[in-house]
Amino acid sequence: MALRLFDSLTREIRELKPSQGDGVLRFYNCGPTVYAAAHIGNFRTFVVNDVIRRLLDRQFGASHVLHVRNLTDVDDKTIRRSREEGRPLQEVTRHWTSKFHSDCAALNCLPPHVEPTATGHIEEQIGMIAALERRGHAYRTDDGSVYFKVSSFPEYGSLSRVKERELKTGSALKTASADADEKEDGSDFALWKAHKADDGDVFWPSPWGQGRPGWHIECSAMSKKHLGPTIDLHTGGVDLLFPHHENEIAQSQCCNGQLFSHHWYHSEHLLVDGKKMSKSLGNLYTLDDLAAKGFRPMAVRYALLAGHPRKQLNFTLEALPAAEKALTTLRTFRDTLPATGGDPTALASVIAALDDDLNTPGALGALFTRINQGPAGLDRATFDETIHLLGLVLTAPPAAGQDAPPHVQELAAQRWAAKQARDFKAADLLRASLLETGWTMLDRKDGYTLERTKR
RNA sequence: GGCGCGGUAGCCAAGUGGUAAGGCCGAGCUCUGCAAAAGCUCUAUGCGACGGUUCGAUUCCGUCCCGCGCCUCCA
């Protein structure tokens, strides 16, 4: 079995394979803008990409996969944040980069092999822009900015079919961006942005004067530097399809004179309560928000994988208890398995679902279907190997109740004593008293634990 | 207005031209004094509506209704 993924460019499901002689699969995944804590919608994309990475590792061997995921550490949002907080840009982006890393680790996402930053590749970006200018694909404006001339690239729009829509709607597409006046054409986009007062001390020297790179060029430059001019797979969220990826194709191909990426994959958005997340709707969650409600990151990961990656997934808080329960079932089942000696192909149906355009809900369904047939013929090695592809970690939730207040501890001790004395009437009364304090006593084999009463 | 996606049980969600995976919830049962945990069983004559193609459609085609996303720097 080989991994087949939908390709946004050709709009068909195609097998992934390395295009170059060294057999290395070159994989570029558009990363986050580090100006705030990433929300679970962002993480849907990163978790999905993590599963892709794991499947690629499995298929081609970990040493034959090169995974690059960038950090956007300079743009309007990061600069605005820096100014609002009165802190240097680097300090802000370093902080949120670190937060992103710890969140990724909590979600058990494998780190990419290279994690380049936009500010770390200013030279490369300037080099590409200069090359585009030389080749007649870019032009300067009076304020010292440089724009990509979309009309110079006839294939522009092939990914998003933006041309079709423009032909039909004519002038219906309004250009709302602030720099519209400077552009020759509404579809042109910034490669280099001249320094403005709002940028403060964020600028670099360039052949066009002080300024900073446009957003799209960073991915073209970093991808080229770390993976070469032609890559095998480029991914991101659907919202990046246009204009970001469309612009990347234009820049890279006009600059390098060769195909940019053999395969494009876009994961769909996560909706919360039926709507796209937004602060104004109050339905935007970060991992910390959910942790505060008592949900572990692994439950979030499970919930994110419970929907098909190319379909909008409607996330609700109710999904998390369901995910926790499902993880418990998986863990409990795993513990009944012998270490080895089972059929190594026992879970082939799970892997087949993943290989078939990353059907994660189908894979989970296949997994539970097999589990419901009982443990016979399955061993832990095979089970773990399969679970590893999904990146699920099946450790038990931390024991709750150690922080019970003294009077609760006292009641519990009394009840335990009553039970040992087989005075069940007293024991039941004490259990009722405990419930009133908001705690539940769970009898174990050789003792008991205390948990906050659920609901 | 354009482009794209979706409407499957209380909730979430796969899937197929041949008669509906799975998870959660709920119900019953087993086992533990009780409770919890765990295990077992059950839960859509039905897949937005109406037409069409077909021996047969939830699955293909058409129309309609509803929801969602994108349309210049949002994963």
How does RNA chain B look in dot-bracket notation if pairs are Watson-Crick or G-U with both distances under 3.5 Å, crossing ones as [ ], other-strand ones as |?
(((((((..(((.....[...))).(((((.......))))).....(((((..]....))))))))))))....

Among the nucleotides [options], which one has an atom lying closest to any side-chain atom of [X]?
| X | options | result |
| --- | --- | --- |
| A:Lys311 | B:A35, B:G15, B:G7 | B:G7 |
| A:Gln312 | B:A75, B:G33, B:G4 | B:G4 |
| A:Lys276 | B:G33, B:G39, B:G69 | B:G69 |
| A:Asp428 | B:C24, B:G33, B:A35 | B:G33 |
| A:His39 | B:C24, B:G22, B:A75 | B:A75 |
| A:Asn314 | B:A13, B:A14, B:G69 | B:A13 |
| A:Arg44 | B:C24, B:A75, B:G4 | B:A75 |
| A:Leu313 | B:A13, B:U72, B:G4 | B:A13 |

Map A:Arg415 and A:Leu270 onto RNA chain B by nearest heavy atom, then report which one ends up closer to the 5' terminus.
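Upstream on the strand: A:Arg415.
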
Closest-nucleotide 5' rank along RNA chain B - winner of A:Phe333 and A:Arg212
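Looking at the nearest nucleotide for each, A:Phe333 comes out on the 5' side.
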
Considering only the [atom1] atoms, how many Å lie between [N] and [M], rounded to the nearest integer?
| N | M | atom1 | answer |
| --- | --- | --- | --- |
| B:U72 | B:C65 | P | 27 Å |
| B:A13 | B:C42 | P | 25 Å |
| B:G23 | B:U30 | C1' | 23 Å |
| B:G17 | B:C11 | C1' | 30 Å |
| B:A49 | B:A9 | P | 10 Å |
| B:G52 | B:U45 | P | 24 Å |
| B:U54 | B:A21 | P | 29 Å |

Can a donor-acceptor pair under 3.5 Å be found between the side-chain atoms of A:His269 and the base atoms of B:A75?
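Checked by distance alone, the answer is yes.
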
Is_stacked (A:Phe368, B:G22) at 5.5 Å, 30 deg
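According to the criterion (under 5.5 Å, under 30°), no, A:Phe368 does not stack.
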
4.5 Å side-chain heavy-atom contact, A:Asp185 and A:Val150:
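No, their side chains stay 4.5 Å or more apart.
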
Less than 4.5 Å apart, side chain to side chain, heavy atoms only: is that true for A:Leu390 and A:Leu364?
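Of all side-chain heavy-atom pairs linking A:Leu364 with A:Leu390, at least one is under 4.5 Å.
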
Would you call [X] and [Y] a salt bridge, taking side-chain N to carboxylate O under 4.0 Å as the test?
| X | Y | value |
| --- | --- | --- |
| A:Arg212 | A:Asp76 | yes |
| A:Arg69 | A:Glu115 | yes |
| A:Asp50 | A:Arg54 | yes |
| A:Arg431 | A:Asp443 | yes |

Nearest-Å distance for atom pair [atom1]/[atom2], residues [X] and [N]:
| X | N | atom1 | atom2 | result |
| --- | --- | --- | --- | --- |
| A:Phe242 | B:C5 | CZ | P | 17 Å |
| A:Leu347 | B:A21 | CG | P | 20 Å |
| A:Lys419 | B:U32 | NZ | P | 13 Å |
| A:Asp443 | B:C31 | CG | C1' | 15 Å |
| A:His245 | B:C70 | NE2 | C1' | 14 Å |
| A:Leu435 | B:A36 | CG | P | 11 Å |
| A:Asn372 | B:U41 | CG | P | 8 Å |
| A:Arg331 | B:A37 | CZ | C1' | 11 Å |

Regarding [X], tell me which of base, sugar-phosphate or nothing describes its non-hydrogen contacts under 4.0 Å with the strands shown.
| X | answer |
| --- | --- |
| A:Lys325 | sugar-phosphate |
| A:Gly237 | sugar-phosphate |
| A:Leu442 | base |
| A:Ser267 | nothing |
| A:Leu241 | nothing |
| A:Lys77 | sugar-phosphate |
| A:Asn247 | nothing |
| A:Ala326 | sugar-phosphate |
| A:Gly236 | sugar-phosphate |
| A:Asn49 | nothing |
| A:Glu318 | nothing |
| A:Arg370 | nothing |
| A:His266 | nothing |
| A:Thr316 | nothing |

Using 30° and 60° as the class limits, which term best fits the ring planes of A:Phe153 and A:Tyr156: parallel, tilted or perpendicular?
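Rings of A:Phe153 and A:Tyr156: perpendicular, as their planes differ by over 60°.
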
Which label fits A:His113 and A:His67: parallel for a plane angle under 30°, tilted from 30 to 60°, or perpendicular past 60°?
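Ring orientation of A:His113 relative to A:His67: perpendicular.
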
Not counting sequence neighbours, which residues clear salt bridge (charged side-chain N to carboxylate O under 4.0 Å, His left out) with A:Glu124? List them please.
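Testing A:Glu124 for salt bridge (charged side-chain N to carboxylate O under 4.0 Å, His left out), a comparison that skips the adjacent residues, returns A:Lys225.
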
Would you name the heavy atoms of A:Ser220 and A:Ser252 that are closest together and state the gap between them?
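Closest pair (atom of A:Ser220, atom of A:Ser252, distance): OG-OG, 2.9 Å.
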
Which residue is it: A:His234, A:His245, A:His244? I am looking for the one with a ring-ring contact (aromatic ring centres under 6.0 Å, His included) to A:His266.
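With A:His266 as partner, ring-ring contact (aromatic ring centres under 6.0 Å, His included) holds for just one option, A:His245.
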
